[in-house]
Amino acid sequence: MLGLKLPTDPRWVNIVEKNLEEILTDHAFCEQKAASTAISFIVQFPEHTELVQEMTALVKEEISHFKMVHDKIVARGWVLGRDRKDEYVNKLMTFFPKGGSRTEFLVNRLLYAALIEARSCERFRLLSQELKEAELREFYRNLMVSEANHYTMFLGFARKYQDVDIVNKKWQDLLEFEGQIMKDLGKQETIHG
Ligand SMILES: [Fe+2]
Ligand SMILES: [Fe+2]
């Protein structure tokens, strides 16, 4: 699914289930960061008109996801906590060497974004299948579909801005690296933990 090298152990859902407040908090911030990432593409690459258009739409969609998660937190009588560290994203984003051309930088950023969407989508799929509450299963099923579309969009943009063969090779290498990172994860009640 989505080219990912290592599927999440379904037992991760058991860990999540025990602490829904924690997963919803982490998830809310994932959506906020997705909106921030979309804004940063606009700020850093204003010359790519099509990208700016799509990122503008994405900011709205991701911040609406944030609101949906925040509403769930509020409905349960909780208050949004502080942002959690995302060890997965921090590790992932060390893969491509710093420096290089502007195009290189753009494409690398797009590939990171595509992969984070892909893994989020895979995690949402598990939640949509395994959580006990039907309402939450439905919630994650809808979000899974959105994130799958974002994954396709980011990968499509990467292939548009650099030679397809180069991009495909980078993508495969990044998938391998991500699979290695995932070996140590799947043990925390966070979206990527
Ligand atoms: Fe989202
Ligand atoms: Fe997304």
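The structure displayed is predicted, hence computed values, not measured ones. Just follow the structure's listing: the first ligand is 1, and inside any ligand the first atom is 1.
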For the Fe ion (ligand 2), the nearest N/O/S atom on His150 is atom ND1

ask   = the Fe ion (ligand 1) to His65: any N/O/S contact under 2.8 Å?
value = yes

Output field for angle at the Fe ion (ligand 2), Glu147.OE1 vs Glu62.OE2, rounded to 10°, should show 130°

Practice problem: Please determine if Glu138 and Arg141 form a salt bridge, counting it only when a charged side-chain N lies under 4.0 Å from a carboxylate O. | Solution: yes

Atom name of the N, O or S atom of Glu31 nearest to the Fe ion (ligand 1) is OE1

Discussion item. At a threshold of 2.8 Å, where the distance has to be below it, does the Fe ion (ligand 1) have an N, O or S atom of Glu61 nearby?
Written reply: no

Worksheet entry | Pairing of Glu47 and Arg102 as salt bridge, 4.0 angstrom limit | yes

Between Tyr112 and Phe96, does the ring centre distance come in under 6.0 Å?
yes

Practice problem: In plain terms, say whether Glu104 and Lys170 are close enough for a salt bridge, that is, a side-chain N and a carboxylate O under 4.0 Å apart. | Solution: yes

Short N-O contact, Asp71 and Lys67, less than 4.0 angstrom = yes

